[in-house]
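Just below is one structure, and these are the notes that go with it.
In what follows, chains are A, B, ... by sequence order, proteins preceding strands, each numbered from 1. For clarity, every value in this text was computed on a predicted model and none was experimentally measured.
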There are 2 protein chains.
Amino acid sequence: MASDTTVLLGHGSGGQMMKRLIDEVFLEEFGNPALCAGNDAGVAPLAGFGATGSADSTDAGANADAPRIALSTDSFVVTPQFFPGGNIGRLAVCGTVNDVATSGAAVRYLSCGFILEEGYPMDKLREICRTMAATAREAGVAIITGDTKVVERGGADGVYINTAGVGEVAPGVNLSGAACQPGDKVLVSGTLGDHGIAIMSQREGLAFSTPVESDAAPLNHLIAAVMDAAPHVRCFRDPTRGGLASTLNEFAAASHVRIDIDEEAVPVRDAVRGACEMLGYDVLQVANEGKMVAVVPADEADAALAAMRACRYGENAAIIGEVLELAEGVEPSVRVRTPWGSSRILDMLVGEQLPRIC
Amino acid sequence: MASDTTVLLGHGSGGQMMKRLIDEVFLEEFGNPALCAGNDAGVAPLAGFGATGSADSTDAGANADAPRIALSTDSFVVTPQFFPGGNIGRLAVCGTVNDVATSGAAVRYLSCGFILEEGYPMDKLREICRTMAATAREAGVAIITGDTKVVERGGADGVYINTAGVGEVAPGVNLSGAACQPGDKVLVSGTLGDHGIAIMSQREGLAFSTPVESDAAPLNHLIAAVMDAAPHVRCFRDPTRGGLASTLNEFAAASHVRIDIDEEAVPVRDAVRGACEMLGYDVLQVANEGKMVAVVPADEADAALAAMRACRYGENAAIIGEVLELAEGVEPSVRVRTPWGSSRILDMLVGEQLPRIC
C-alpha cells in the first residue's frame, strides 16, 4: 500500500491487491471481531430483548441465549448488465444470498440499493427488478427495504445495485474459514469458470459451438442440505472474484494449513476450458456466481457430496482435494497436483483479470 | 410512469417522481408487507431459533415471541465528497443509522459497500473510512461486513458508498407513518435546511458571513430518549431528500390525515433562510441529514420536546404543528400557516432540486 496512492482496478479483483486494501484500510479503521474474522458474512449477536429488554440497550450480546444474525453485502457493477444465463438483478440477489448462507445462516431478508444513471431505460430497470423478485422467491427471501439514487449521465454506467442480506444463525453453528483441519476434504458444487467466461464472451463477442452461460444461482438450499448431511462441515465459500484460487488461499491462511487439489478432479466445461486456454486465464482464478466450495471432515465427505448432487445446481459436484498439515516453518499454501504427478503453487490473482465481472 | 421511459434525475429526488418509481416498479415487483408499509426501515420477524430451531427453517415469524429486526439501506453519491460539517463517510453512517432508528429499533450493525473509481486518492478513502469509524463509534454500532468494487475511470464519480443497517425492535414497539392521529403534535429536532444549503454553497462557491455546515449526525440516542419520554410516540422520520415536505406528506397520506404546521415555529438558521431566498428554494423541501421529525400524542409533546432539547443535536427542537382530522371526501394534505394568518399547501417536490445531495 505504500506504493498505492490511488485506487486501481486491481483493488477490486478479489486477489492480493484487494486483500491489502481490506487489511490496511478497512480493517485498520473498522476493526471488530465479526469483521476481522474475514468470512463472507459478519456473524454477531443480537441483545435478544426479553421481559427486561430495553430498546436503547447498547449491550448487544450480553445474553448468552441471544439470537445471532449473519450480515453480508455486495455491490454489483457488472458490464454488460444482461448476459447469457442472467442479468445484474439475478447476480445481486444470488451473490448476497450465497454470502450470507456461507455462514450457515438461514437467509431471511434483503435490502436493495440502486444507483441509476440518468437516461437508463425504464423497461430494462423493470426487467432487472422482475428477475430480482423471481430469484428472491426461489431463494425464499424477501426484499424488505430499498433506496434509489440517480446520478447524471456519465456518473455511473447504467445501473449499479447493492444488496445486503440478513440471516439467522442457529445455536451451535460456527462455520469459519479458520476451521479447516488436516485430513478434511474439499468439495465444489459444480463446474468452475462459467460466469467469468460467459461475461467475457458477451463482452468480447466470442462465439463458442456450445454457448457458455453464467451459473448465477442461489445456493442457500444446497448449503442447508450439506449441513444436514455433514453436520461437522467446517466452512463454505462461494468462489466469486478471484475464483477457487482466492477462496482456497483464504482458507489456507485462516486455518494455517496447506490445501492440495487434484487438477483432474476439478469439474470444468470443455467450452470454458477452451476459452481459458485461448484467453490465457487460469480457470481456477475465474469468477463463479453459482458455485460453493465446502470443507468437510473426511468421514462426512461422501455424504456431503451426495447431498450436493441431489440438489438443484449441484449435479456436477466433486471432491477435489484435501487439507494437509503444514510442515514446521512453512507458509500456508495451495497446491495443484497435475495428472502427470507434478504440482504447482496456486496463487491468488495479483492484479486485475476481468474488471466488473460482478 | 407511462411517460417515463427512461430514468431521470427527478426519480432520485425524494419527491413525487421517486414515489411513482417506487410504487410502480419496486413495490410492483418486490411487494411484501414490510416493504409496502413504506417506512424508512423494513421491520420483520426472525424465526427465533429455540430448542427446536433448524437452520433451514423457512418459517420465519411462526414464533410469536420471535425477535424482530429493522433493516434499512442507503447509497450515498453526494458531490462533493468533502463539505463543511462532514464528508460522504459521515453521511453514510448517519443516514442508515437514522433510518433504522426511526423504526424504534436499537441500531446494532452496519454493512458497507464501496464503489470506487479507478484513480481515487487512497488518502481520501482512508479519511472517509476514519470518519465512518468515528461516527459508528458515536452511534454505538459496528461495521461487521463490507464489499469493494472498483470501476474504470468515468464509471463512477470518485466514491459511492452503500450502507445497510440492522436494528433490534423491542416487543411492543410498532412505530409507523400510518399511526398519526388527529390531535397529535409534530416536532422537529432542530433547524432545517442546513445540509442541503451546505452542499449547495460548497458546490457553487457561495460564501455566507456565517458559514453553513451540514447537520449530518446520528440520532439514534435522541430517538431512544424521546421514546422513553413519550411512550406513545407514533413515528419518527428523518427529513432527507425532499425535506420536511416529503416527510409530512408521506405521514399525511399513510395516516389519512391533514397536517398543519406553523411557518414561524419551524427553526431555520438566518444564513439558510437567506440562501434559500437567493436560490429560490423552499427550505421545507431542502434535505437534512441530522434532523428528526416526530409525531407524538398532544399530552406527551412537552415531554418529547424536553427530551429532544436535552440531547446532543436536539437543542433547537421545536413543536411545529399538529395533525388534524380530514373532512369527508378531502384528500390528505399538508398546510403551512403563515404569520399573516393565511395558509398554503405544502407539496412534495415534483422534479429534482438538488441532485446528489446525499
- Task: Pick whichever of B:Pro121, B:Gly155, B:Ala164, B:Gly14 has the most heavy-atom pairs under 4.5 Å with chain A.
- Result: B:Gly155

- Message: Between B:Lys149 (side chain only) and A:Ser75 (backbone N and O only), is there a donor and an acceptor less than 3.5 Å apart?
- Response: yes

- Taking B:Asn32 for the side chain and A:Ile143 for the main chain, is one N or O donor matched with an acceptor at less than 3.5 Å? yes

- Task: Between chain B and each of A:Cys112, A:Gly31, A:Ser72, count heavy-atom pairs under 4.5 Å; write down the option with the most.
- Result: A:Ser72

- Note on the structure: Pair count under 4.5 Å, heavy atoms only, with chain B: among A:Asn162, A:Asp157, A:Val166, highest is A:Asn162

- About how many Å separate OG1 of A:Thr148 and CG of B:Leu21, when rounded to the nearest 0.5 Å? 5.5 Å

- Message: Under 4.5 Å from any heavy atom of chain A, what part of B:Ala44 do you find: side chain, backbone, both or neither?
- Response: both

- Item | Side chain to side chain, A:Thr73 and B:Thr73, heavy atoms closer than 4.5 Å | no

- Message: Is B:Leu8 close to chain A through its backbone or its side chain, or both, or neither, when contacts mean heavy atoms under 4.5 Å?
- Response: backbone

- Message: Within this structure, what is the OH-CD1 distance for the pair B:Tyr160 and A:Ile115, rounded to the nearest 0.5 Å?
- Response: 6.5 Å

- Part of B:Arg241 within contact of chain A (heavy atom distance under 4.5 Å): side chain

- Under 4.5 Å from any heavy atom of chain B - which part of A:Val141: neither

- Message: Quick check: do A:Glu117 and B:Val7 have side-chain heavy atoms less than 4.5 Å from each other?
- Response: no

- Item | 4.5 Å side-chain heavy-atom contact, B:His11 and A:Met122 | yes

- Top of A:Ser13, A:Cys129, A:Ala156 for chain B proximity - count of heavy-atom pairs under 4.5 angstrom: A:Cys129

- Item | Part of B:Leu110 within contact of chain A (heavy atom distance under 4.5 Å) | backbone

- Check each atom of B:Cys358 against the heavy atoms of chain A and say whether the ones under 4.5 Å are side chain, backbone, both or neither. both

- Item | Selection from A:Gly12, A:Gly113, A:Gly119, A:Ala34 maximising heavy-atom pairs under 4.5 Å formed with chain B | A:Gly119

- How far apart are the closest heavy atoms of B:Val150 and A:Arg356, and which atoms are they? O-CG, 4.1 Å

- For chain B, find which of A:Leu35, A:Asp99, A:Ile144 contributes the most heavy-atom pairs closer than 4.5 angstrom. A:Ile144

- Task: Give, for atom NZ of A:Lys124 and atom OG1 of B:Thr6, the distance between the pair rounded to the nearest 0.5 Å.
- Result: 12.5 Å

- Task: Flag the one option from A:Leu116, A:Val151, A:Asp40 with the top tally of heavy-atom pairs under 4.5 Å to chain B.
- Result: A:Val151

- Side chain, backbone, both or neither: which part of B:Phe30 has an atom under 4.5 Å from a heavy atom of chain A? both

- Message: Nearest 0.5 angstrom please: A:Asp147 CG to B:Phe26 CZ, how far?
- Response: 9.0 Å

- Heavy-atom donor-acceptor pair, A:Arg126 side chain to B:Glu29 backbone, under 3.5 Å: no

